[in-house]
Amino acid sequence: MAKVARDGRDTNPWPGTSFWVGLVGVLLVMTALELVARFELLPSRWFPPVTVVLGAVADLLPTGDLWSEIGRTLWGWGVGLAVAAVLAIPLGMLVGSVEAIYRALRVVIEFLRPIPSVALLPAAVLIFGIGSSMKVFLVAFASFWPILFQAIYGVQDISPGVKETARAYGLGPVSRFMRVILPSTLPYVATGLRISSAIALILAVTSELVVGAPGLGQAIAAAHTAAQIPTMYAFIAVTGTLGWLLNTAFQAAEARALHWHPAQREKAVV
Amino acid sequence: MSGRAMLEVTSLAKSYQSRNGTTDAIADVSFRVASGEFVCVVGPSGCGKTTLLKCLAGLLSPTAGEVQLNGEPVRRPPPNMAFVFQDYSNSMLPWLRVENNITFPLRHKGVSADRRAALAEETLRVVGLGEFARHYPWQLSGGMQQRVAIARALAYEPEILLMDEPFASVDAQTRSDLEDLLLDVWARYGVTTVFVTHDIDESVYLADRVFVLNDRPSTVQMEVPVELPRPRDQITTKELTEFTKLRTEVMRTIKHARRSRSDEERMGQA
Amino acid sequence: MTRRGLLLALEIAVPLILLAMYAAWAGAKESFYFPPLDGIGERFVELWLSDRFVQDALPSLRRLAIGYVLLVVLGVSIGLVLGAFRLVQQAVQPFAEFLRALPAVALIPFGMLVFGVGDTMKIFIIVIGAIWPVLLNTIDGVRGVDPEMLEMARAYNVGRWGRIREIVVPAALPRVVTGMRTSLSIAIILMVVSEMVASRNGLGYFVLESQRRFAISDMWAGIVLLGIIGYVANFLFVRAERSVLRWHRESKGPAR
């Protein structure tokens, strides 16, 4: 939907071009990188041409290795995120709706949240070893906070008018929760999940890279140590693609959950 | 028409390109405004009033025809012209105090700091907001913000003032106060004024002459000289039979224009 | 006691009770992994009020500060340019989206190839990994500037440069600041991880090394210091944001 400003200027002068412009941009950057390597402007031993890296990706694709590494990273990501969501959503909604609980926990939450979660990595290794439970713990700890905060905001942001109306129509506590609180909080939770998904992936890859829990991060580090440079870039590219796919999926889900929300309406117009 | 022509509009036309094709906003508009005159442009909503005004201001370049100010063609906003916008909330800069909003254009005009302060002080006093110099715009009501916009225009020391439905978004009482304030200011500074509105009473009450535009693509449907005595008064002026006659005349013209449009629409749908 | 007093008492008492519970639990259990509070406190004072602070904490803070300043300057300037030129922005967008979605820690081996294991590598990782929130928010901020504000300035003959400096920049500032806050927490993460992977000093190195030496109280003392750094950075940021963006908060009315 294009909004034509009151003075008649169309806000998007080239409707529909953005995809093709983006494609051209990607091709240009990749060509530039290819040429830089081919003409040895940077040592090609360290900066292999894009085609070589893509070749390395193609070599990896049919092997079980790549897919099992992706699977291990995704497993840590998914289980950690799920644990965080299961804990954070109910707690956030409780904290958001009962002021006494909010006040009691505010200081604790405000203090724990800014702690860089990676700082806990050594402690997690100590307690859980270097396996996947360590990964899940770190992912869950880091993903917990954005979901918690969004759930608290979501409940607190329901306008008193809406709550009054629900009460005036004689909705009991259960149906108030199901019909008012839950649907209003859901979009905020969706935003929290999207933010947490990105953080979860960072923590999963970090735990693999730093202490060698199996997964993509460990594969990158191993290729680096073995000086298999194209393979290293191939794993980095795969990690990036995974991140991009997860982010796109969560954005789409968020847009769906938020379709009625003012922020989303603005987005549709602009 | 007395005095020399200050603003001269010759065969002005403006059309827009958008993805739905070409829209003709105004077609062949010609008129002259004398120095010191107060002119209103009135027309049905959705006609090219705002477009016309922005062409006069040099904010939009016309598709055909010409605008001349003091014999010079207008291609960009002239330095002796000030503009008051309809939407006060977006024409005020929320991060600047009221006085700095007024002096903002003056700094870029190269006015000295002392002179800027004096102008801000004087114009704020004239619009009755002497004590609000240190406030932020969003601390003021809509009517007060529009007074600040008028003060900003006056401080710019223009020879000609263009106003785009400046009182359309304030309540009725504030509106008549602002109309009287504007007439005072106009008499005091003798600034040539072109005032766009969709309110027929307002146009007749304020102007020396009213131009009635018809529907898109707009042309000047009718020119109505208003020879009501000045100073005008919200009660006594509006009681005059002459006032009633004039507003009926304008209203009939507009109604006629609108009826022909709805006929066209009905035919278009059939 | 009034309701307000009761809530305030809750706010103060609960954290203290939790702390006391941990102290009692860890003290009685004599767990290897969870040393008693006073043990951690003792090591904390011994370590961080001595030259260990200079040796490990200062280098970390320096890398963080340089990287952060660099990424903010770069992110805002590139964002202003991209926000103004739509075609360039559209061309760069997919690449930016990809790099933003790539977990930046995966680039550490790449950084080591290019810059070795020194400070340059860590600063590079901080910049490349944490610049995206600033950059993308600046673009959004620039594109979200109200066209009427710009038109007002144009009507009053304010030149292009004046419009950018005095309208686009302040109007985009709230979005930029939001991005800066996200970038800061990512920058701290990257500082720690890059020091864990390849370093001979710094807090990330210190906590991981302490764990490997089974110096558990040292490890916790390091984690607590990192927590404090995260907390203080966030606190200072919120403070600065409040004073700089007072107009933004209050102009939106008390509802938000």
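Note that this is a predicted model, so its numbers are computed, not measured. FYI, side chains are in, hydrogens and waters are out, and symmetry mates aren't considered; it's all heavy atoms of this structure. All chains are named by letter (A, B, ...) in the order of the sequence lines, taking the proteins before the strands, and each is independently numbered beginning at 1.
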Undergrad: Identify which part of F235(A) has an atom lying under 4.5 Å from any heavy atom of chain C, answering side chain, backbone, both or neither.
TA: neither
Undergrad: Counting only N and O atoms by type, is there a donor-acceptor contact under 3.5 Å from the side chain of Y68(C) to the main-chain atoms of M180(C)?
TA: yes
Undergrad: Side chain, backbone, both or neither: which part of T248(A) has an atom under 4.5 Å from a heavy atom of chain C?
TA: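 For T248(A), no heavy atom lies under 4.5 Å from chain C.
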Undergrad: Using non-hydrogen atoms only, which part of I229(A) is less than 4.5 Å away from chain C: side chain, backbone, both, or neither?
TA: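 Contact with chain C involves the side chain of I229(A) alone.
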Undergrad: For the candidates P94(C), P109(C), G230(C), which exhibits the highest count of non-hydrogen atom pairs separated by less than 4.5 Å from chain A?
TA: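 Between P94(C), P109(C), G230(C), the count favours P109(C).
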Undergrad: Take E11(C) and R106(A) through the salt bridge (charged side-chain N to carboxylate O under 4.0 Å, His left out) test and state the conclusion after the steps.
TA: CA-CA 7 Å; E11(C) 195 161 351; R106(A) 188 165 75 175; 2.5 Å; yes
Undergrad: Parallel, tilted or perpendicular: which one describes the rings of F110(C) and F124(C), with boundaries at 30° and 60°?
TA: tilted
Undergrad: Less than 4.5 Å to any heavy atom of chain C: does that hold for the side chain of V24(A), its backbone, both, or neither?
TA: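 Neither part.
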Undergrad: Between V197(C), V193(C), I188(C), N234(C), which shows the greatest number of heavy-atom pairs under 4.5 Å with chain A?
TA: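 Top option by heavy-atom pairs under 4.5 Å: V193(C).
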Undergrad: Do the side chain of S210(C) and the main chain of F206(C) share a donor and acceptor less than 3.5 angstrom apart?
TA: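 Flag set: sc S210(C) to bb F206(C) pair under 3.5 Å.
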Undergrad: With a 4.5 angstrom heavy-atom cut-off, is it the side chain or the backbone of A104(A) that approaches chain C, or both, or neither?
TA: both
Undergrad: Is it the side chain or the backbone of V207(C) that comes within 4.5 Å of chain A heavy atoms, both, or neither?
TA: both
Undergrad: Between F149(A) and W145(A), how do the two ring planes meet: parallel, tilted or perpendicular, split at 30° and 60°?
TA: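 Because their plane-to-plane angle lies in the 30° to 60° range, the rings of F149(A) and W145(A) count as tilted.
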Undergrad: Please state whether the side chain, the backbone, both or neither of Y233(A) comes within less than 4.5 Å of a heavy atom of chain C.
TA: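 Looking at Y233(A), just its side chain touches chain C.
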Undergrad: Using heavy-atom distances under 4.5 Å, tell me whether F235(C) contacts chain A through its side chain, its backbone, both, or neither.
TA: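 Looking at F235(C), nothing touches chain A.
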Undergrad: Given that the side chain runs from C-beta out, which part of I108(C) has a heavy atom under 4.5 Å from chain A: side chain, backbone, both or neither?
TA: side chain
Undergrad: Side chain, backbone, both or neither: which part of I216(C) has a non-hydrogen atom closer than 4.5 Å to chain A?
TA: side chain
Undergrad: Does the K135(A) side chain pair with the main chain of G80(A), one donor and one acceptor, at a distance under 3.5 Å?
TA: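 The answer is no, because no donor-acceptor pair under 3.5 Å joins these two groups.
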Undergrad: Is the distance from the ring center of Y153(A) to that of Y188(A) below 6.0 Å?
TA: no
Undergrad: Checking heavy atoms, do the side chain of Q93(C), its backbone, both or neither come under 4.5 Å from chain A?
TA: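 Neither part.
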Undergrad: Heavy atoms only, distances under 4.5 angstrom: which of L203(A), V125(A), V211(A) has the most pairs with chain C? Name it, please.
TA: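 Greatest number of close heavy-atom pairs with chain C: V125(A).
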